[in-house]
Amino acid sequence: MKDLAHALTAANAAVFSSLGLDAKHAEVRRSDRPDLGEFQCNGALAAAKSAGKKPPEIAQSVAGAWNATELASTPTIAGPGFLNFKVTPQALANRAQVIADDARAGASVVEHPRRVVVDYGGPNVAKGMHVGHLRASIIGESVRRIYRFRGDQVWGDAHFGDWGFQMGLVITALEDELGGFDDRAKLDARLQSLTLEQLEAIYPAYAAKVKGGDIETRDRARKATAALQGGSALHREIWKAMRDVSMAAQKRDFASLGVDFDLWLGESDADPLIPDMVKDLDAKGLLEEDQGARIVRVAGPGETKKKKLEDGTVVEVESPDPLLVVSSEGSAMYGTTDLATIVQRVRDQKPDLILYVVDQRQADHFEQVYRAAAKAGYIAREQLEHVGFGTMNGSDGKPFKTRAGGVLKLNDLIGQAEEKARERLKENEIDADFSKEEFEDVAHKVAIAAIKFADLSNFRGTSYIFDLDRFMSFEGKTGPYLLYQAVRIKSILRKAEEQGVAPGPITVEHEAERALTLALDAFDGALTAAYDKKAPHFLAEHAHTLAQAFSGFFANCPILPSEGAVRASRLALAGAALKQLTLTLDLLGIDVPERM
Ligand code: ARG
């Protein structure tokens with residue numbers, strides 16, 4: 001389904017061709033100066049260059065050859081040769097009607113659907129889920145929905161951090177607590193009573209110990225890690241108990257956030273593939289010994305960076321760093337499991353593309369993994385993409401911490417947001433005739449909308465400051481404002497139904513109807529940009545523009561108080577706006593309540 005910009009481009013291309021100008025210069029786009037014209041073509045400048053003529057001359061001949069059509073009036077010329085187009089009311093009405101009648105609200109699908117794995121969330125077992133995983137979950141979920149909606153076959157994978165040193169560390173802590181694992185009954189009872197809260201306390205305590213220089217604990221944890229990876233049944237059993245406890249809690253947190261996965265796999269699931277992969281890397285001559293460890297070099301010739309040594313001297317070293325595949329203790333590392341996970345995905349999902357929605361600070365890690373995978377011939381470099389994002393910061397501009405200086409748990413964050421949502425709903429007297437259940441449901445939806453929209457309305461690469469008060473405002477560019485607009489349309493449609501008023505053919509007369517239709521028409525462009533750039537903020541921006549256009553329409557074009565064909569048309573426009581707004585919010589992972 002083509003939007004107005006595409007239709008105008010096609011018509012304009014025909015005019016360009018008829019004048020012997022290259023049609024590639026005929027592209028018509030939304031104007032960033034709507035006061036001058038709604039759509040604009042600046043190709044006369046480039047066309048003039050290739051024809052060796054002056055831009056105004058070319059613009060004039062294009063305008064002269066453009067017979068006003070059903071689509072648009074003859075373009076006007078501005079500045080050095082910009083062509084400004086104004087769409088006819090009839091063309092707008094047709095477009096609005098198509099959107100109103102379309103279940104996809106005017107959104108197109110990709111021409112060639114691909115198989116896409118989206119790796120997001122990435123919570124760690126035993127570490128609990130904290131706000132650092134919030135952005136990965138929110139952005140990843142949205143990217144998954146956008147890709148699926150555009151027609152790709154998509155698998156979202158949680159890729160749990162459930163392998164490696166952190167697991168050995170917690171096993172060691174448990175060993176200390178129990179005074180060894182010899183007493184089987186004692187161990188069983190302990191594993192049965194294990195909670196996530198306990199794991200979340202144990203892990204940081206022991207991580208701090210090791211960081212503080214406790215070499216004995218570090219070495220024992222390394223041994224425990226190696227034992228786990230080496231297949232020790234006891235270690236595996238303890239590991240599984242910890243993993244189950246963490247997973248159950250994380251599934252609950254994800255559900256509460258409205259985040260879901262198609263594959264609930266973890267780093268551990270790739271572990272069985274590691275021995276063969278290491279053999280294969282070795283057979284291909286890619287493994288090198290390096291101080292007892294085994295590495296794959298990924299830097300190309302001449303790719304170096306300056307590195308400062310401990311004694312202050314600066315040396316030139318290869319860049320990116322080599323990928324560490326087997327540590328000197330014989331353990332698999334973070335990069336090893338990522339590489340093996342690529343082998344696993346290629347085998348199981350046969351993806352055309354794997355997207356990694358992970359903190360921008362891991363960019364170097366992914367560059368190493370991707371290059372190693374390409375070098376080994378597992379997949380092409382272009383099929384792997386790191387969709388990085390900035391941090392959520394506190395008011396001090398540093399990554400967000402609780403007042404006590406710790407990382408805020410996801411569950412607590414949602415709880416805080418719900419509390420604020422309850423307050424705001426009460427302030428706005430949106431609780432009058434609600435049952436307790438409905439009130440709680442609405443508060444939860446408002447809380448999630450506030451958190452998600454605040455995150456997704458920034459380009460993902462940008463860091464932003466966490467400010468619950470601002471996110472929760474019912475005015476401005478916020479999630480609650482958008483929910484409020486959507487719910488308002490729902491209530492109008494309900495009233496219309498009660499009064500037996502039905503929607504009818506759309507006409508576009510009033511300026512505000514025109515603006516609303518133009519907003520509706522912009523959906524496909526926003527969706528395509530979000531898809532191409534893996535950047536949901538294009539859709540967040542669209543949701544806001546659309547809600548504002550509806551607001552202007554509603555203020556200027558009474559719906560139910562009007563009559564006959566006008567009323568039926570306006571009702572149809574309102575219905576189209578609601579459908580598209582709901583769909584856009586859904587692509588952002590935001591649910592709209594029935595009323596509020
Ligand atoms: N568990 C990792 C972390 O907390 C994120 C995992 C990201 N995905 C991946 N394939 N490495 O930092």
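One-based numbering, in listed order, for ligands and for the atoms of each. Keep in mind the model is a prediction, meaning the values are calculated, not measured.
- Every side chain to side chain contact (heavy atoms under 4.5 Å, CB included) that D282 has, sequence neighbours left out, goes to L287, R294.
- Remark: Q192 CD is loosely packed, at most 12 non-hydrogen atoms of other residues, nucleotides or ligands lying under 6.0 Å away.
- R297 meets the side-chain hydrogen bond (donor to acceptor under 3.5 Å, both in side chains) test with E288, E318; sequence neighbours excluded.
- Annotation: cation-pi geometry satisfied between R104 and F149 (NZ/CZ under 6.0 angstrom from ring centroid, within 45° of ring axis).
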Can you produce the list of protein nitrogen or oxygen atoms under 3.5 Å from a nitrogen or oxygen of ligand 1, alongside each distance?
| unit_1 | atom_1 | unit_2 | atom_2 | d |
| --- | --- | --- | --- | --- |
| ligand 1 | 1 (N) | G122 | O | 2.9 |
| ligand 1 | 1 (N) | N124 | OD1 | 2.8 |
| ligand 1 | 4 (O) | G122 | O | 3.4 |
| ligand 1 | 4 (O) | N124 | ND2 | 2.9 |
| ligand 1 | 4 (O) | H133 | NE2 | 3.0 |
| ligand 1 | 8 (N) | D119 | OD1 | 3.1 |
| ligand 1 | 10 (N) | D119 | OD2 | 2.8 |
| ligand 1 | 10 (N) | D338 | OD1 | 2.7 |
| ligand 1 | 11 (N) | Y334 | OH | 2.8 |
| ligand 1 | 11 (N) | D338 | OD1 | 3.4 |
| ligand 1 | 11 (N) | D338 | OD2 | 2.9 |
| ligand 1 | 12 (O) | Q362 | NE2 | 3.0 |

Quick one: side chains of residues 349-357, donor-acceptor pairs under 3.5 Å with protein atoms, not counting sequence neighbours, listed by atom name and distance.
| unit_1 | atom_1 | unit_2 | atom_2 | d |
| --- | --- | --- | --- | --- |
| K350 | NZ | R347 | O | 3.2 |
| D352 | OD2 | R115 | N | 2.7 |

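- The main-chain N or O of L587 is found under 3.5 Å from a side-chain atom of S142 such that the two form a donor-acceptor pair.
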